[in-house]
Amino acid sequence: MPELPEVEVVRQGVDRWVTGRTVAEVEVRHPRAIRRHAGGAEDFAAVLVGRTVTAVRRRGKYLWLPLDSGDALVGHLGMSGQLLVVSPGTPAETHLRARFAFADGGQELRFVDQRTFGGLAVDPAGAPLPSSIRHIARDPLDPEFDDDAFVAALRRRRTGVKRALLDQTLVSGVGNIYADEALWRVRLHWARPSESLTRPAARALLAAVREVLGSALAAGGTSFDSLYVNVNGESGYFDRSLAAYGQGDRPCPRCGTPIRREPFMNRSSYRCPRCQPGPRRPRR
DNA sequence: CGCAGGCCCTGGTAGC
DNA sequence: TGCTACCAGGGCCTGC
């Protein structure tokens, strides 16, 4: 559920509250919350204590906090992860996985994650990226995103266009919600072969992805329930603007035809059957 | 190498 | 009421 706009809202909150502060105590309450960290939870905590956070950065749906040690705290929210800023002594949240207290005795940072698809690790900060996220492509809101390279790569793929949009090594930050919204905007079916897109069509799709990500970010993100929240526990309101995603049987805002929900990659895809008709030669 | 599919996980809800 | 089945879905991993 947290895609680029939601993760960016979290990044801004963590940056505001945590950058410049020194870690005093780390409590790991669930071993699964620490992922791909060589020394496990114990080492994770040990290497963080005494370190100062120098920034909060994001690539796609990943966050990382460079530290004064030259390492970085890398995090992914998965499906249900939250980073919350709360007063010390606040009772433990039901799915509290890790807790960070700071030397100034101020607000704590907490990682809460119901489904435990998210995770944290400490990794060498590297340049420009920690090694664990070097395979993640730039996102369309990144000033250095290469539009021409994306269009070319998309048209080289031999897959359905929605699969391509969800491939974080091609373009990052896009998940099921914003893929469906962007495809609806440019009237493309999710199974349209990516190689069959003309260059202008691929450019229009990229523009739609940018628009929908930007609008959602301006709205503070999308939320259907209390799972996705900013660091203060508040939800965004972009869900009121969704045209296709989650709108099964509701009228298409463009033509009134009921939006259809279909199985896609063991999940769901939403489209307007009239605006986004099936391609002759689908690629799933 | 590129691509497809399985799996991880918990809570809410629909249906019987 | 209480049980089961299903759904939410990002990314790692494996196999073809």
Side-chain angles (χ1 to χ4, degrees), chain A residues 1-8 10-11 29-38 58-64 74-83 92-98 111-121 123 129-137 139 152-181 183 190-196 209 213 216 221-229 235 239 242 244-249 260-270 281-284:
Chain A
M1 191 113 38
E3 304 181 26
L4 185 153
E6 294 77 31
V7 179
E8 174 59 19
V10 171
R11 188 201 67 76
R29 300 172 55 110
H30 193 299
R32 267 189 68 87
I34 310 306
R35 299 277 180 95
R36 276 170 290 284
H37 181 90
R58 180 185 58 74
R59 162 78 52 117
K61 304 169 195 172
Y62 279 90
L63 291 171
W64 81 98
V74 179
H76 196 291
L77 300 178
M79 250 296 290
S80 55
Q82 306 172 342
L83 284 170
E93 292 78 3
T94 306
H95 303 292
L96 177 61
R97 306 307 188 192
F111 180 58
V112 176
D113 188 10
Q114 177 201 103
R115 294 174 206 168
T116 65
F117 278 22
L120 306 172
D123 203 28
L129 293 175
S131 58
S132 57
I133 56 177
R134 224 164 268 167
H135 61 294
I136 303 296
D139 67 66
L154 179 66
R155 298 176 73 244
R156 276 197 301 270
R157 290 293 171 101
R158 293 294 179 268
T159 188
V161 64
K162 183 171 173 181
R163 275 184 181 275
L165 284 182
L166 297 179
D167 182 345
Q168 306 295 302
T169 66
L170 179 65
V171 53
S172 70
V174 183
N176 209 31
I177 298 172
Y178 301 117
D180 278 2
E181 291 302 301
L183 291 169
W190 49 264
R192 174 74 179 270
S194 53
E195 74 270 27
S196 77
V209 170
L213 292 178
T222 297
S223 183
F224 301 96
D225 51 36
S226 57
L227 269 188
Y228 162 67
V229 291
S235 293
D239 55 320
L242 294 174
Y245 184 84
Q247 308 301 304
D249 299 328
R260 191 177 293 171
R261 178 168 80 89
E262 296 164 326
F264 169 78
M265 288 174 76
N266 282 328
R267 54 202 69 170
S268 294
S269 210
Y270 295 87
R281 198 166 46 83
R283 276 193 187 270
R284 293 160 190 272

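So that the names make sense, note that chain A is the first sequence line, chain B the second, and so on, each numbered from 1. Values below: every heavy atom of this structure, side chains too, minus hydrogens, waters and symmetry copies.
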### Message
Given N176(A), which partner from the list E3(A), K162(A), R267(A) fulfils the side-chain hydrogen bond (donor to acceptor under 3.5 Å, both in side chains) test?
### Response
K162(A)

### Query
Touch check for H30(A), heavy atoms < 4.0 angstrom, all strands: base, sugar-phosphate only, or nothing?
nothing

#### Entry: Any H76(A) side-chain nitrogen or oxygen under 4.0 Å from OP1 or OP2 of dC12(C)
no

### Task
State, to 0.1 Å, how close I136(A) and S172(A) come at their nearest heavy-atom pair, and which atoms those are.
CG2-CB, 3.5 Å

### Query
Taking for each residue the nucleotide of DNA chain B with the nearest heavy atom, is it T159(A) or R32(A) whose nucleotide lies nearer the 5' end?
T159(A)

### Message
Tell me the bend of the helix from dG2(B)-dC16(C) to dC16(B)-dG2(C) as the angle between end helix axes, each from five pairs, rounded to the nearest 10 degrees.
### Response
50°

### Query
Think R115(A) has a side-chain N or O under 4.0 angstrom from the OP1 or OP2 of dG11(B)?
no

### Query
Got a salt bridge between E6(A) and K61(A), using NZ or NE/NH1/NH2 to carboxylate O under 4.0 Å?
no

### Task
Indicate yes or no: does R157(A) engage D167(A) in a salt bridge with an N to O separation below 4.0 Å.
yes

### Task
Taking only the side-chain heavy atoms of Y62(A) (C-beta and beyond), determine which of dC12(C), dC3(B), dA8(C) contains the nearest atom.
dC12(C)

### Task
Using heavy atoms and a sub-4.0 Å distance, could you list which residues of residues 260-269 of chain A are near DNA chain C? By number, please.
R261(A), R267(A), S268(A)

### Message
Please determine whether a side-chain nitrogen or oxygen atom of H135(A) lies at a distance below 4.0 Å from atom OP1 or OP2 of dG11(C).
### Response
no

### Message
Is it the case that the base of dA4(B) and the side chain of R163(A) share a donor-acceptor contact (distance under 3.5 Å, atom types as modelled)?
### Response
no

## Note on the structure
By ring pair (Phe, Tyr, Trp, His ring centres under 6.0 Å), H95(A) pairs with (sequence neighbours left out) none

